[in-house]
Amino acid sequence: MTQGINKLNIYETNKEKNTYLKYLNEEKEKNRIKLLAYTVMDNHAHLLIYNQSGQGIPNWMKIVNTKYARFYNREHNRSKGKNKLHTNR
């Protein structure tokens, strides 16, 4: 699960949800991840993923969440001091 910090609605619009899904899909093959199922709600997402080695999952999530945080911060004119978007899980 990935969640917005302080339960912030970070996937509120269709554009935001679709952008997050785009980033998930762009990075999954590089890290040999299979995205089996997902649901993206306004303030969090649940992902059912498979990776035989288990080694690619943390790197994949870091890359995806960093890319999404940059997108979200640009879209919402958030300052550089507010880079943290996701809770640690």
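Sequential numbering from 1 along the given sequence is applied to the chain's residues. The structure displayed is predicted, hence computed values, not measured ones.
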Asker: Checking ring pair (Phe, Tyr, Trp, His ring centres under 6.0 Å) for the pair Tyr72/Tyr11: CA distance, chi angles, key distance, verdict?
Answerer: CA-CA 9 Å; Tyr72 184 90; Tyr11 312 113; 8.2 Å; no
Asker: Between Gln3 and Ile10, what is the shortest heavy-atom contact and its length?
Answerer: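 Gln3 and Ile10 have their closest heavy atoms at C-CD1, 4.3 Å.
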Asker: Within the 3.5 Å criterion, strictly below it, is a donor on Asn9 or Asn43 matched to an acceptor on the partner's side chain?
Answerer: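 There is no such pair (donor and acceptor under 3.5 Å, judged by atom type) between the side chains of Asn9 and Asn43.
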Asker: Side chains of Phe71 and Lys15, heavy atoms from C-beta outward: is any pair under 4.5 Å?
Answerer: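 A side-chain contact under 4.5 Å exists here.
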Asker: What distance separates Arg70 CZ from Arg78 CZ, expressed to the nearest 0.5 Å?
Answerer: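 Rounded to the nearest 0.5 Å, the CZ-CZ separation comes out at 14.0 Å.
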Asker: May I ask you to say whether Glu12 pairs ionically with Lys17, meaning some side-chain N is under 4.0 Å from a carboxylate O?
Answerer: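 Answer for the salt bridge query: no.
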Asker: Apply side-chain contact (heavy atoms from CB on, under 4.5 Å) to residues Leu36 and Ile49 and explain how you reach the verdict.
Answerer: CA-CA 5 Å; Leu36 304 174; Ile49 54 180; over 6 Å; no
Asker: For residues Met61 and Thr2, determine if any side-chain heavy atom of one lies less than 4.5 Å from a side-chain heavy atom of the other.
Answerer: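 Yes. Closest side-chain heavy atoms under 4.5 Å.
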Asker: Within a strict 4.5 Å, meaning less than it, do heavy atoms of the Lys67 and Ile63 side chains meet?
Answerer: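 Side chain of Lys67 against side chain of Ile63, heavy atoms only: contact under 4.5 Å found.
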Asker: Check whether any side-chain heavy atom of Glu16 lies under 4.5 Å from a side-chain heavy atom of Tyr68, and answer yes or no.
Answerer: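 Sidechains of Tyr68 and Glu16: in contact.
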Asker: Report yes or no: does Asn31 contribute a side-chain atom to a donor-acceptor pair with the main-chain N or O of Glu27 at less than 3.5 Å?
Answerer: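 Looks like yes, one N/O pair under 3.5 Å.
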Asker: Any heavy-atom pair between the side chains of Ile57 and Ile33 that's under 4.5 Å?
Answerer: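 SC-SC contact between Ile33 and Ile57 confirmed.
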Asker: Does Tyr38 reach the side chain of Leu24, with side-chain heavy atoms less than 4.5 Å apart?
Answerer: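 With C-beta onward as the side chain, the pair stays apart.
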Asker: I need the Thr19 OG1 to Glu26 CD distance, nearest 0.5 Å.
Answerer: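 Answer rounded to 0.5 Å: 9.5 Å.
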Asker: For the residue pair Asn51 and Lys34, establish whether any side-chain heavy-atom pair is separated by less than 4.5 Å.
Answerer: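 No, their side chains stay 4.5 Å or more apart.
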Asker: Is it the case that Lys28 and Asn25 place a side-chain donor and acceptor less than 3.5 Å from each other?
Answerer: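 Side-chain D/A pair, Lys28 to Asn25: present.
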Asker: Does Tyr23 form a ring pair (Phe, Tyr, Trp, His ring centres under 6.0 Å) with Tyr20? I'd like the steps, not just the answer.
Answerer: CA-CA 5 Å; Tyr23 293 153; Tyr20 187 67; 7.9 Å; no
Asker: Is there a side-chain contact between Met41 and His46 in this structure, where contact means two heavy atoms from C-beta onward sitting under 4.5 Å apart?
Answerer: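 Side chain of Met41 against side chain of His46, heavy atoms only: contact under 4.5 Å found.
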